[in-house]
**Q** 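Next up is a structure, given as structure tokens.
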Amino acid sequence: YIAQDESKSFINVESELDDKDSLLNEVKELIKIRHDHKAFRSDSRIEMLELSEYSYPLAYRISNSDESMLVILNPSDRECSLGFKLPEKYEMIHKVGKIDAEKITEYIFPAASAVILKETK
């Protein structure tokens, strides 16, 4: 038997459900995105756009005949530049961190952030 932590700061499902920014709700949203978008199915192709052993961002395109998604991740504590061209048109599907869709450029991608963009025509 292991006693439960009874402190008020103890993380539990009840408190996580009530917090729209909780890890539980973030994971639920990512699962929903995976189910809602065909690009995240197992028959899709992954193209690495940015991958470096010692720097960020990590960026890849995942696509199939139905749709194409761009995933960009920067977990570092400083902004970084993108070494590839963004699609001309896209829809922001999901974001983490301080990201404004109109302010993402090839030159600046915010620190501690991630984004999923759906390429549109």
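What you are looking at is a predicted structure, and each value in this text was computed from that prediction instead of being measured. Numbers for residues simply follow the sequence, beginning at 1.
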**Q** Report the residues that fulfil side chain to side chain donor-acceptor pair (under 3.5 Å) with S42, sequence neighbours left out, ordered by chain and then residue number.
**A** none
**Q** My understanding is that only residues two or more places apart in sequence, or in another chain, count here; which of them pass salt bridge (Lys or Arg N to Asp or Glu O under 4.0 Å) with K95?
**A** none
**Q** Check the pair K118 / E67 against salt bridge (charged side-chain N to carboxylate O under 4.0 Å, His left out), numbers first and verdict last.
**A** CA-CA 8 Å; K118 179 178 179 179; E67 66 181 354; 3.4 Å; yes
**Q** Taking all atoms of both residues into account, what is the closest heavy-atom pair of I62 and S44, and its distance?
**A** CG1-CB, 3.7 Å
**Q** Holding to side chain to side chain donor-acceptor pair (under 3.5 Å), I want the full list of residues that pass it with S113, two or more places apart in sequence or in another chain.
**A** none
**Q** Mind checking side chain to side chain contact (heavy atoms under 4.5 Å, CB included) for Y56 and listing every partner two or more places apart, or none if nothing turns up?
**A** N74, P75, S76
**Q** Going hydrophobic residue to hydrophobic residue with side-chain gaps under 4.5 angstrom, can you get from V71 over to Y90?
**A** no
**Q** Calculate, to the nearest 0.5 Å, the distance between atoms CG and NZ belonging to D66 and K38 respectively.
**A** 4.5 Å
**Q** Not counting sequence neighbours, which residues clear side chain to side chain donor-acceptor pair (under 3.5 Å) with S63? List them please.
**A** none
**Q** Suppose we screen for side chain to side chain contact (heavy atoms under 4.5 Å, CB included). Which residues come up paired with L58, at least two apart in sequence or across chains?
**A** M48, L51, L73
**Q** Write out all pairs satisfying salt bridge (charged side-chain N to carboxylate O under 4.0 Å, His left out) with one or both partners inside residues 42-51, taking only residues at least two apart or from two chains.
**A** E47-R61
**Q** Could you list the cluster mates of I31? Members are the ILVMFWY residues connected by side-chain heavy atoms closer than 4.5 Å, either directly or through other members.
**A** L23, V27
**Q** Starting from L24 and following side-chain heavy-atom contacts under 4.5 Å between hydrophobic residues (I, L, V, M, F, W, Y), which residues can be reached?
**A** V13, L17
**Q** Not counting sequence neighbours, which residues clear side chain to side chain donor-acceptor pair (under 3.5 Å) with N25? List them please.
**A** S22
**Q** Does any pair with a residue in residues 19-33 pass salt bridge (charged side-chain N to carboxylate O under 4.0 Å, His left out), and if so which ones, sequence neighbours excluded?
**A** K32-D36
